[in-house]
Asks: 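I have a structure I would like to understand better, so I am pasting it below and will then ask my questions one at a time.
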Amino acid sequence: MSDTSPIGVFDSGLGGLTVVQALQKLLPSESIIYFGDTARVPYGNKSKELIIEYSSEISGFLIKNDVKIIVVACNTASALALDTLTKNVSVPVSGVINPGAGEAIKVTLNKHIGMIGTVATVNSGAYENAIYDIDKSIIISTQACPLFVPLAEEGWLEGDVVEKIAAHYLTPLNEKKIDTLILGCTHYPLLKNVITNQVNEKTILIDSAEAVARKVQAQLSTLNLLNNGSQKGLLTCYVTDIPMRFETVGKRFLGSSLDNVQTVHAF
Ligand code: DGL
């Protein structure tokens, strides 16, 4: 492993490509290996044991591919498996919860932050822990939005049905007068427009992708592992299944087309 080794990034599916996009923008010379567990998505309704098992398997695969850091680009896996991975894995591991929590604390004015995520992330209390570690006076209101992941995967990003679902999830948070809303799932940035329509005016949405990229940059810099070369890094994607409309959905998350995709079954 050296400074030219790739950054490993994984998610339950394709949502983590929103983090890849932010990494590519901030660190263009870094090569990235992305692993999307498309055969087993969603993680958000699975048990902690299974999420740890899947995350550990994927981390093992990434390490075999000589990554210099693992970015857990999934809030659910960050909430439930990050501690285990950090203990067991031989390279640094970076999650998405602390960067998102830190950003939200920076921008909230009324100190009332909302967080939306999968059932597993909400039930884990991971965002509350991360926020209280920094500022105990903040009020946090959370809401699980289980239908948002399939909507994002299906490309249902606007229209009456989506607006109604979003209103159903977000009205309780609006009533509590949050002024900042953490998008606590890497799929949710795709639904930003609908979410903006359904939250109180002036509510600031926190998409942690950029904050995650900045944290990875800082970690690599401290470890002297930043790739300072001038060549553009490569993106290689591994998935556990190529679902129907994979290209379209992948492009939606990454913002550009997905080349170099390989399927892995045993890892
Ligand atoms: N992208 C995952 C996250 O950030 C959610 C999708 C899932 O339920 O697997 O939590």
Side-chain angles (χ1 to χ4, degrees), residues 7-12 14-30 32 34 67-83 85-86 91-109 111-118 121-122 124-135 138 140-142 145 148 152 178-192 195-196 199 202-223 225-227 233 235 253-255:
I7 296 175
V9 182
F10 81 87
D11 179 39
S12 57
L14 299 180
L17 288 170
T18 55
V19 174
V20 169
Q21 199 178 10
L23 284 168
Q24 285 180 321
K25 201 166 149 209
L26 188 68
L27 304 168
S29 15
E30 298 290 348
I32 296 174
Y34 182 77
V67 299
K68 58 186 173 187
I69 187 167
I70 294 177
V71 181
V72 185
C74 173
N75 288 263
T76 310
S78 293
L80 295 152
L82 195 70
D83 289 349
L85 296 180
T86 307
V91 296
V93 183
S94 206
V96 286
I97 308 264
N98 285 337
E103 280 300 295
I105 293 170
K106 267 190 231 155
V107 304
T108 183
L109 294 175
K111 294 200 158 205
H112 194 159
I113 296 174
M115 191 284 291
I116 52 175
T118 65
T121 301
V122 168
S124 73
Y127 272 98
E128 285 92 329
N129 293 339
I131 289 171
Y132 293 150
D133 270 354
I134 304 173
D135 186 342
I138 288 188
I140 308 160
S141 299
T142 61
C145 305
F148 277 179
I178 59 159
D179 75 347
T180 304
L181 178 65
I182 300 171
L183 306 182
C185 172
T186 50
H187 280 68
Y188 296 178
L190 265 74
L191 292 160
K192 235 182 217 168
I195 295 170
T196 304
V199 290
K202 297 203 180 131
T203 302
I204 298 168
L205 303 189
I206 305 293
D207 165 1
S208 51
E210 281 168 22
V212 171
R214 284 196 299 275
K215 184 173 170 210
V216 172
Q217 181 184 42
Q219 280 176 294
L220 290 177
S221 166
T222 310
L223 297 163
L225 283 175
L226 268 180
N227 184 341
L235 171 64
F253 281 105
L254 185 63

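This one's a predicted model, so the numbers in the text were calculated from it and none came from an experiment.
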Asks: Is Lys202 salt-bridged to Asp179, cutoff N-O under 4.0 Å?
Replies: no
Asks: For a quick test of reading the model, state the closest non-hydrogen atom pair linking Leu223 to Pro92 and the distance between them.
Replies: CD1-CG, 3.4 Å
Asks: Determine yes or no for a side-chain-to-main-chain donor-acceptor pair under 3.5 angstrom, with Thr222 supplying the side chain and Ala218 the backbone.
Replies: yes
Asks: If we check side chain to side chain contact (heavy atoms under 4.5 Å, CB included) with Val91, which of these qualifies: Ile69, Ile70, Ile7?
Replies: Ile70
Asks: Return yes if some donor-acceptor pair links the side-chain N/O of Tyr34 with the main-chain N/O of Gly16 below 3.5 Å, else return no.
Replies: yes
Asks: Say whether, by atom type as modelled, one donor and one acceptor occur between the side chain of Thr186 and the main chain of Ala73 under 3.5 angstrom.
Replies: yes
Asks: Give the minimum heavy-atom separation between Ile140 and Glu128, together with the two atoms involved.
Replies: CD1-CA, 3.6 Å
Asks: What are the two closest non-hydrogen atoms of Val72 and Ser78, and how far apart are they?
Replies: O-OG, 3.2 Å
Asks: According to salt bridge (charged side-chain N to carboxylate O under 4.0 Å, His left out), who are the partners of Glu210, at least two apart in sequence or on a separate chain?
Replies: none
Asks: Using modelled atom types and a 3.5 Å cut-off, is there a donor and acceptor pairing between side-chain atoms of Thr108 and backbone atoms of Ala104?
Replies: no
Asks: How about Thr118 and Thr121: does a side-chain donor come under 3.5 Å of a side-chain acceptor?
Replies: yes
Asks: Taking 4.0 angstrom as the limit, do Lys215 and Glu103 come out as a salt bridge?
Replies: no
Asks: Any sub-3.5 Å donor-acceptor pair from Thr18's side-chain atoms to Gly15's backbone N or O?
Replies: yes
Asks: Under a 3.5 Å cutoff, is there a donor and acceptor pairing between the side chains of Tyr188 and Asp207?
Replies: no
Asks: Is there a side-chain contact between Val20 and Leu235 (heavy atoms, below 4.5 Å)?
Replies: yes
